[in-house]
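Every chain is numbered from 1 and lettered A, B, ... according to where its sequence line falls, protein lines coming before strand lines.
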Amino acid sequence: MKNILQSMKHTKVNRYIDIVLLIFLLLFPLIVKEFRVEMMCRYLCYVIFALSLDLLWGYTGLLSLGHAVLFGMGGYMIGLCYQIQSGAPSFMTREGLTEIPWFYLPLKNPIAAAVIGIVVPAVFAWILGSFIFSSKIKGVFFTIITLALAQIFKDFIINIQKYTNGFNGLQGVKRFAIGGGEQLGKIPYYYLVLFITILVFLFCMWFAKSRVGKVATSIRENEARLEFFGYSASHFKILIFVISGALAGLAGVLYTPATSSITTEDIGIAASTAVVVWIAVGGRGNLTGAVVGTLIINWAQSLLSEHFASYWQLILGAVLFVIIFFIPNGIVGQLLDLQHRVQMAKKRKIDFEDTAGVGKEAEL
Amino acid sequence: MSETLLKIENLSVSFSGFHAVSEVDLSVERGKIHVIIGPNGAGKSTLMDLITGKTKPTEGKILYNGTDIAGKDPGMIASKYKIGRKFQGPNVFDNMTVYENIEIALKGYTSIRKAFTYRRTEKVKEKIKKILNQIQLYDQRDMMATELAHGQRQWLEIGMVIAQSPELIILDEPAAGMTDVETYKTGEMVKQLAGKHTLIVIEHDMDFVEQIADTVTVLHQGKVLAEGSFAEVKKNPEVVRVYLQDENGEGF
């Protein structure tokens with residue numbers, strides 16, 4: 001019993017939050033109406049998205065302001081999948097495309113489309129990362145490039161209307177109806193997304209603890225020093241960007257069926273900055289922060305807009321300002337800090353009492 | 001019989017006409033502590049930059065175990081030729097624990113493949129523990145590097161350099177900003193490293209130099225002014241003159 005208590009004291013505070021959240025999310029469909037479950041399902045996709053950026057920004061220190069591009073790539077693959085089930089959709093025929101273009105054919109199977117929706121952003125991240133990181137572009141310049149990318153990508157999707165339906169986006173996406181069968185119910189789909197979210201979270205936890213994760217943190221802390229130890233930081237950065245891209249794609253793949261649509265609003269600069277704000281509020285570099293921030297902000301957003309239809313954005317903006325101004329580490333970051341400080345103070349007290357008898361040592 | 005590990009021949013570098021290091025000859029014996037002193041701007045740090053590949057020389061050779069490493073890539077010099085360097089001022093990973101700082105610096109796991117297959121085996125743990133004891137930070141292993149005192153941060157970086165298992169360790173002002181007690185402790189730490197490792201130390205604090213030096217080289221305006229044991233160098237009239245001239249110098 002004493003051992004359990006002892007280990008509980010050493011467990012980081014965010015692990016408790018994780019467990020409470022997990023139980024809450026598992027029970028959630030039992031306590032609320034179905035449309036709330038649908039909302040939570042969407043937010044869980046955002047959680048995966050936020051986790052993917054947390055690996056890149058929180059752990060590696062690379063702030064991307066265009067991460068929704070990778071998310072959108074995933075989302076559009078699934079969206080397109082359900083557009084081409086019965087011949088060329090109207091947005092294609094209207095522009096004179098009577099046949100489904102050959103490069104869309106592999107998307108016809110939802111499972112294949114899901115896989116492509118993960119692989120394409122990963123490959124894209126690999127190509128982009130290879131260019132950016134090999135040419136020693138660092139810090140804010142990476143951020144600026146990704147910002148420009150978000151705008152370019154959005155414009156591109158709007159411009160190739162006959163392939164993407166432009167800014168109207170893709171509607172009527174089904175929750176993984178395979179082989180013409182029935183789509184998944186809202187509740188089963190919620191649990192499917194929750195299950196994948198848990199897997200992603202566990203993967204991120206493993207990653208953070210692994211040596212690659214530690215190298216990522218070292219890149220954030222002091223890249224020049226790391227390279228002097230013989231590491232090639234750019235290789236690691238590319239790898240992490242690819243992993244992050246695949247996870248963002250996965251989030252998009254799950255998101256589109258959850259809302260049954262995807263539009264250019266989900267892939268531009270606004271969407272990319274939103275996820276940065278979620279992580280900033282929750283706290284970056286500890287995973288739990290990304291989850292907490294995403295859920296709090298999104299729920300706050302929808303509940304506020306239900307009750308204060310006209311000025312909810314003002315309230316939310318003020319709250320965000322206060323949080324970022326007063327706790328720059330984010331909610332979970334602040335809690336972890338507090339716990340760490342208390343532990344260290346206790347330890348110092350014990351050390352002091354141990355050495356107080358010896359006298360001189362304590363002064364050093 | 002002592003043997004030469006590092007032999008520098010006629011090494012020069014100039015930055016747009018300014019000769020930071022010119023025609024320097026230097027040889028460092030294996031297992032010894034070689035201290036380099038000199039007034040500010042004498043070219044000490046530049047010399048270290050040349051050895052570690054951070055700066056490319058305009059002329060001359062740096063023979064390491066008989067191979068010329070002048071102008072080679074810093075990463076290669078660190079890993080292949082096993083030269084570790086502690087920079088001026090603590091240069092550590094602030095928001096990581098002391099333990100993680102040492103762990104990242106461990107030699108032999110720098111490629112992506114190795115990073116994936118790395119495990120905290122008993123052998124690795126034992127090695128990290130040994131280093132932490134050497135630098136007297138074992139009790140602080142779970143603290144963040146940023147929470148350490150200045151002196152302890154310097155030691156942490158020395159520990160990180162040791163973790164690379166280098167043959168040659170370069171310490172750039174390891175005792176800078178330390179209290180007298182810390183400086184003395186650092187000196188003892190450095191002395192324990194000699195033998196297994198070879199050390200080049202840049203330092204201003206003369207008590208510290210006296211405590212650790214096997215050989216002292218005095219640099220002045222990019223050139224070697226004198227070389228010998230601490231006692232010999234101390235008596236050298238030219239060295240005394242240079243140090244008295246230099247108002248920033250600590251003097252003897």
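No more than 12 heavy-atom neighbours from other residues, nucleotides or ligands sit within 6.0 angstrom of CZ on F131(A). Counted within 6.0 Å of NZ on K72(B), heavy atoms from surrounding residues, nucleotides or ligands total more than 12; the atom is thus considered enclosed. More than 12 heavy atoms of other residues, nucleotides or ligands lie within 6.0 Å of CZ in F15(B), so this atom counts as buried by the packing criterion. When the shell of 6.0 Å around NZ of K191(B) is examined, it contains more than 12 heavy atoms from other residues, nucleotides or ligands. Atom NE2 of H340(A) has more than 12 heavy atoms from other residues, nucleotides or ligands within 6.0 Å. Few gaps surround NZ on K138(A); more than 12 heavy atoms of other groups in view lie less than 6.0 Å from it. Heavy atoms of other residues, nucleotides or ligands lying less than 6.0 angstrom from OH of Y184(B) number 12 at most.
For the atom pair CZ (F228(A)) and CD1 (I83(B)), the distance works out to 10.5 Å, reported to the nearest 0.5 Å. The distance from atom CD of E227(A) to atom OG1 of T110(B), rounded to the nearest 0.5 Å, is 11.5 Å.
Contact annotation for residues 43-56 of chain B against chain A (heavy-atom separation below 4.5 Å, listed by residue number): T52(B), K54(B). By a heavy-atom distance cut of under 4.5 Å, D139(B), D142(B), M143(B), M144(B), E147(B) are the residues of residues 122-147 of chain B near chain A, going up by number. Contacts of residues 213-220 of chain A with chain B at a heavy-atom distance below 4.5 Å involve K214(A), V215(A), T217(A), S218(A), R220(A), listed in sequence order.
Closest heavy-atom contact between A115(B) and F236(A): CB-CE2, 3.8 Å. Across all non-hydrogen atoms, the minimal contact from N222(A) to V92(B) is ND2-O, 3.5 Å.
Using a 30° and 60° split on the angle between ring planes, W206(A) and F116(B) fall in the parallel class, below 30°.
For the pair R211(A) (side chain) and R120(B) (backbone), a donor-acceptor distance under 3.5 Å is absent.
Interface summary for chain A: among N91(B), I77(B), D94(B), V161(B), the most heavy-atom pairs under 4.5 angstrom belong to N91(B). With chain A as the partner, the residue from L106(B), T117(B), N95(B) showing the most heavy-atom pairs under 4.5 Å is N95(B).
Legend: side chain to side chain donor-acceptor pair (under 3.5 Å) pairs involving residues 118-135 of chain A, not counting sequence neighbours: none detected.
M160(B) touches chain A through backbone and side chain together, each having a heavy atom under 4.5 Å away.
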